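Fair warning: this is a prediction, and the values are worked out from it, not measured in the lab.
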Amino acid sequence: MDLTFSESQELLRKAAHEFLDEECPASFVRDLEETSEGYSLELWHKMADLGWLGLGYPEEYGGAERDVVDLAILFEEMGYALLPSPYSSTVVQSGLPLLIAGTNQQKERFLPGIVNGDTLFSLAVLEPTTSYNPEDITASAIADGQDYVIKGTKLFVHNAHLANWILCVTRTQESSQDCKGISLFLVESGSKGLECTLTRDIAGRQMYEVQFDSVRVPKENLVGELHQGWESLAKALDIATTLQSAEIAGICKKVLEISVDWAKQRVQFDKPIGFFQAVQHKCVNMQVKIEETKVLVYTAAARLSQGLPSRMAVAQAKAFAGDTAQYVAYEGHQVFAGTGFMQDHDMQLYSRRLKAAEFDMGDADFHRKTITEELASSSQQLTLLQ
């Protein structure tokens, strides 16, 4: 599989890097942590004007019809810049299920607003079990006349306070098959019975506990087939997981760069600390981990783009990226020593974001379980062929 960037992809990477280098310095990221929004609306609309929000959408909705590899390139650069934005929650996690399974009326109503930056979405999937497995979805949606009534609690909902709509993952039918009986509903912000409680994560991002207390939604707000919502959601989550891994690679790349710069500047025993082999090994090992992560990320992205079976590749990318996030954050702090833990030092910005990203879209252990299941399935298939 050729993972070399095309000319247009290299242009995208360069343009994104230059734009974010100017518009999103570390001081800007630090300031946004203190705001009630957590992101810049002005910068969000600049991203929309550049066409970033429509990269993965068809031209008929204002998009550019680019593939998952292009999105991964963008996410790697957004990670490098530590960009705080509702991109993943709106464009990927919520918008893609609409694109995959929504009705023509839903697509025409919502997708142009996503592409031009006017409409924000949040995905409400995680519950107190904090699992992305369909069997752990217990929030219910029960038919009542021309409506459905949703009851349940969702955790770690990104940007729920700003979203115009929440895509809520519910159980509408008990089933012996884990992925059956799941339905997706669009819930308008401000709906009666909808309550959001702020819980910031370690990276300072605004996450919300969302309580659905008999929230009524009309039947036309169902996205996709009744009881069949998991299939379209799973496709979107695979893409979101791969892009989260690309973001981790970008953050790690920045940590390595500032660590190398510090190793050249910091003098101990009359020599820059980069002169000592112990520090050199830390930087080299970080570089190796980052490159390994990028190979897995872009392999998964390429398979998703080509419509190839991707479950194993996605799980491998995120499991390895999670380990890399932990490793690079630790070694970066070792290079900086106590200085990197100071609140006014940039290193702690990156390590906090890496710790949060490590768990976003499932941690390494969650994805290792998926790899185990895929290996077991492959072994069974080989046994049957024999």
Side-chain angles (χ1 to χ4, degrees), residues 16-35 37-40 43 75-85 199-207 244-294 297 320-360 363-364:
H17 185 89
E18 291 175 352
F19 174 81
L20 291 172
D21 185 55
E22 181 176 343
E23 296 285 345
C24 189
S27 58
F28 180 70
V29 176
R30 192 186 300 276
D31 290 341
L32 287 179
E33 281 192 359
E34 306 302 322
T35 67
E37 294 83 9
Y39 82 109
S40 166
L43 182 54
F75 266 74
E76 185 181 343
E77 293 301 331
M78 291 195 296
Y80 182 89
L82 279 188
L83 174 69
S85 82
T199 56
R200 289 183 181 270
D201 68 5
I202 190 172
R205 299 176 304 173
Q206 300 190 23
M207 318 279 278
Q244 179 66 74
S245 303
E247 183 179 321
I248 288 173
I251 302 171
C252 290
K253 181 181 176 182
K254 183 65 175 182
V255 170
L256 174 60
E257 286 187 8
I258 64 175
S259 297
V260 170
D261 287 344
W262 179 248
K264 292 176 180 178
Q265 299 170 21
R266 175 63 170 161
V267 174
Q268 282 290 316
F269 307 107
D270 299 322
K271 292 182 176 67
I273 61 173
F275 175 84
F276 300 105
Q277 195 174 58
V279 176
Q280 292 174 9
H281 284 180
K282 292 183 184 301
C283 295
V284 169
N285 289 337
M286 281 194 277
Q287 170 70 7
V288 171
K289 288 277 191 184
I290 293 166
E291 290 303 312
E292 290 172 334
T293 300
K294 289 173 66 174
V297 166
F320 200 89
D323 288 344
T324 299
Q326 188 176 110
Y327 181 86
V328 169
Y330 176 83
E331 294 292 16
H333 274 295
Q334 291 295 301
V335 172
F336 281 102
T339 303
F341 287 97
M342 297 175 65
Q343 192 66 27
D344 59 353
H345 196 280
D346 288 346
M347 181 60 214
Q348 55 84 26
L349 286 177
Y350 298 105
S351 62
R352 287 193 289 114
R353 179 71 75 85
L354 282 171
K355 177 53 68 176
E358 185 184 335
F359 292 94
D360 279 350
D363 64 5

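With contacts defined as side-chain heavy-atom distances shorter than 4.5 Å, the pair Leu43/Phe19 qualifies. Here the side chains of Tyr350 and Val328 are not in contact, with every heavy-atom distance at 4.5 Å or above. With a 4.5 Å cut-off on side-chain heavy atoms, Leu82 and Cys24 do not count as touching. Between Val255 and Met347 there is a side-chain heavy-atom pair separated by less than 4.5 Å. Proximity of Met286 to Ser259: side-chain heavy atoms (C-beta onward) are separated by under 4.5 Å at one or more points.
How far CD of Glu77 is from CG of Asp21: 9.5 Å, rounded to the nearest 0.5 Å. Put simply, CG on Asp363 and CD on Gln326 are 10.0 Å apart, with the number rounded to the nearest 0.5 Å. The CG atom of Asp270 lies 11.5 Å from the CZ atom of Phe275; values are rounded to the nearest 0.5 Å. Atom CD1 of Ile248 is separated from atom NZ of Lys294 by 14.0 Å, given to the nearest 0.5 angstrom. Separation of atoms CG (Leu83) and CD1 (Ile251) is listed at 10.5 Å; rounding is to 0.5 Å. In this structure, CG in Asp360 is found 10.5 Å from OG in Ser245, a value given to the nearest 0.5 Å.
Contact record, Ala26 with Leu349: O-CD1, 3.9 Å, taken as the closest heavy-atom pair. The shortest non-hydrogen separation linking Ala263 to Val279 is CB-CG1, 4.0 Å. Closest heavy-atom contact between Cys252 and Ala325: SG-CA, 4.1 Å. In terms of heavy-atom proximity, Leu256 sits nearest to Cys283 at CD1-O, 3.5 Å. Contact detail for Thr35 and Leu32: the closest heavy-atom pair is OG1-O, 2.8 Å. The shortest non-hydrogen separation linking Glu22 to Pro25 is O-CD, 4.0 Å.
Formation of a donor-acceptor pair under 3.5 Å by the Gln206 side chain with backbone atoms of Tyr39 is not found in this model. A donor-acceptor contact shorter than 3.5 Å is absent between the side chain of Arg353 and the backbone of Ala203. A donor-acceptor pair is defined here as one N or O able to donate and one able to accept, closer than 3.5 Å; no such pair exists between the side chain of Thr293 and the backbone of Ala321. No donor-acceptor pair closer than 3.5 Å links the side chain of Gln348 to the backbone N or O of Gly340.
The one candidate from Asp346, Ile273, Ile258 that meets the side-chain contact (heavy atoms from CB on, under 4.5 Å) condition with Phe336 is Ile258. Shown are His17, Lys253, Glu257; of these, the side chain to side chain donor-acceptor pair (under 3.5 Å) with Tyr80 is made only by Glu257.
Ion pairing between Glu331 and Lys289 fails under the 4.0 Å rule for side-chain N and carboxylate O.
Relative orientation of the Phe341 and His333 rings is parallel, given thresholds of 30° and 60° on the angle between their planes.
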Using salt bridge (charged side-chain N to carboxylate O under 4.0 Å, His left out), reason through Lys355 and Glu358 one step at a time and then give a plain yes or no.
CA-CA 5 Å; Lys355 177 53 68 176; Glu358 185 184 335; 3.0 Å; yes

Do Glu292 and Asp323 pass the side-chain contact (heavy atoms from CB on, under 4.5 Å) test, and can you show the C-alpha distance, the side-chain angles, and the key distance before you say yes or no?
CA-CA 11 Å; Glu292 290 172 334; Asp323 288 344; over 6 Å; no

For salt bridge (charged side-chain N to carboxylate O under 4.0 Å, His left out), just list the numbers for Asp201 and Arg352, CA-CA rounded to whole Å, side-chain angles, deciding distance to a tenth of an Å, and then say yes or no.
CA-CA 9 Å; Asp201 68 5; Arg352 287 193 289 114; over 6 Å; no

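Residue Tyr330 qualifies as open at atom OH: its count of foreign heavy atoms under 6.0 Å is 12 or below.
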